[in-house]
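Worksheet for the structure shown next.
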Amino acid sequence: MPAGQSGGQEELVMHYFDNVRKVQPFFAGEALTDITYSAIVEEPHGAVTLAICALADLHLKQMRISQGLEAPNQASENSHATYLKNEALLKLETNKNTHGCWTDNDAIAALHLLSLSQLSGGGSDWETPFNILSQWLHQTNLHLAEDPWMAFLNLSPATQHYVKATLPPGEQGNYWANGNDLEMPRRLRMDALTGCPDEAMLAIAEVSSLAHWKAAQLRNGCLSYPELIRRGTAIEQQLRRYQTDLSMASDASQTRLHSTAGVTPTDEERSLIASVFRETANLYLHTVLSNSTPGVPEISNA
């Protein structure tokens, strides 16, 4: 364990690496676990350490509750996990004032604090760490690049992971498309992070845009249903084309961020999860095209 840590903090760090990291989607990969550990070694009392200690403390508390060793529904605002979270946020703000910007280690800490919110069932603040991640992403200047995708590829693997974890799912397609409708890089591999394949994520973004266009046309009394169907058909064809092309790709060429140390989905489970996301995108599309009408075959058969 890194020098300079108290006994209680050291136990929480050990519990995180032994138990909590295995069920975290953001940091399931061994390389990213090493980066997290390096950040702790660099700053034993830094924001990353405090964030994972908060995660470990909450995880331990939930384990005790599940075993009947502790009563549930105790005031979370007075819990040790909340104290550690607030200390992590204070440390992050101090880092920002010191450096004048957010660092990669700050991004790691913020991702862990988002995991804390997820583990708490939304009971912990997620907006503050997400705002930190958004500001950190803005600092990368990817949005200013002439070719955001090439600029993304020039980032380190760890930084690429933080970018993918930060962008909201519905924005991924819009962010990388760079103005080219229905085009998306094939190697983003969001399924390795979220289970949702790139083509489904792009389709969801495109359907959301289509829904916005349809609502605006309806308000203006000028909706063209042939144009609506044309746009929807283009999205569906692109979704199916990506699915066909990717099903022919070799699994050996796919980069997975998951560690064998945790509960890792099998290839069959990954395929089923991806299919669920694709069908969800397709159902969303036909709901926009035909409204929420269960009798429509494309909706009832989804």
Side-chain angles (χ1 to χ4, degrees), residues 26 29 31-32 35 95-96 99-111 114 129-214 216 227 230-246 248-250 253-257 274 277-278 281 284-285:
F26 287 149
L32 294 169
I35 291 171
N95 292 347
K96 171 68 180 305
H99 301 114
C101 62
W102 301 111
T103 67
D104 286 357
N105 280 356
D106 294 335
I108 299 171
L111 280 172
L114 279 180
F130 184 76
N131 286 337
I132 291 173
L133 281 169
S134 297
Q135 293 170 27
W136 171 86
L137 177 64
H138 190 79
Q139 288 176 186
T140 66
N141 290 327
L142 284 175
H143 61 293
L144 299 178
E146 183 177 349
D147 188 337
W149 176 243
M150 289 307 300
F152 171 79
L153 291 179
N154 288 327
L155 299 174
S156 70
T159 305
Q160 290 180 14
H161 187 69
Y162 309 152
V163 170
K164 292 193 290 184
T166 302
L167 282 173
E171 293 297 320
Q172 292 276 356
N174 293 333
Y175 201 85
W176 303 117
N178 195 27
N180 300 319
D181 291 341
L182 300 174
E183 290 298 331
M184 188 176 193
R186 301 295 185 85
R187 293 175 291 166
L188 190 56
R189 291 308 316 280
M190 285 303 298
D191 58 315
L193 180 68
T194 66
C196 182
D198 295 345
E199 68 275 12
M201 186 163 290
L202 175 60
I204 291 171
E206 292 289 346
V207 174
S208 177
S209 178
L210 180 64
H212 179 76
W213 174 83
K214 177 184 176 182
E227 177 61 16
R230 186 194 68 78
R231 295 187 180 204
T233 300
I235 295 173
E236 184 172 26
Q237 289 176 345
Q238 187 75 356
L239 176 63
R240 299 308 180 194
R241 181 171 69 82
Y242 267 118
Q243 182 178 352
T244 300
D245 291 350
L246 292 175
M248 299 172 63
S250 171
S253 65
Q254 296 180 353
T255 301
R256 291 179 181 171
L257 296 172
F277 276 110
R278 292 188 190 99
Y284 180 25
L285 170 62

**OP:** Assess whether side chain to side chain contact (heavy atoms under 4.5 Å, CB included) is satisfied between Q135 and K96, documenting all intermediate values.
**Re:** CA-CA 11 Å; Q135 293 170 27; K96 171 68 180 305; 4.0 Å; yes

**OP:** Could I get the full list of side-chain hydrogen bond (donor to acceptor under 3.5 Å, both in side chains) partners for Q139, not counting sequence neighbours?
**Re:**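 For Q139, no residue satisfies side-chain hydrogen bond (donor to acceptor under 3.5 Å, both in side chains) once neighbours in sequence are set aside.
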
Original post:
Just wondering, do R278 and E199 contact through their side chains at under 4.5 Å, heavy atoms?
Top reply: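 Of all side-chain heavy-atom pairs linking R278 with E199, at least one is under 4.5 Å.
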
Working to the nearest 0.5 angstrom, can you tell me the gap between [X] [atom1] and [Y] [atom2]?
| X | Y | atom1 | atom2 | value |
| --- | --- | --- | --- | --- |
| I235 | I204 | CD1 | CD1 | 11.5 Å |
| T159 | L137 | OG1 | CG | 11.0 Å |
| L142 | L155 | CG | CG | 5.5 Å |

Determine the minimum heavy-atom distance between [X] and [Y], stating which atoms define it.
| X | Y | answer |
| --- | --- | --- |
| C101 | D106 | O-OD2, 4.2 Å |
| L239 | A281 | CD2-CB, 4.3 Å |
| R231 | L210 | CB-CD1, 3.7 Å |

Original post:
Under 3.5 Å, is there a donor-acceptor pair between the W136 and D104 side chains?
Top reply: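 Indeed, the side chains of W136 and D104 share at least one donor-acceptor pair under 3.5 Å.
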
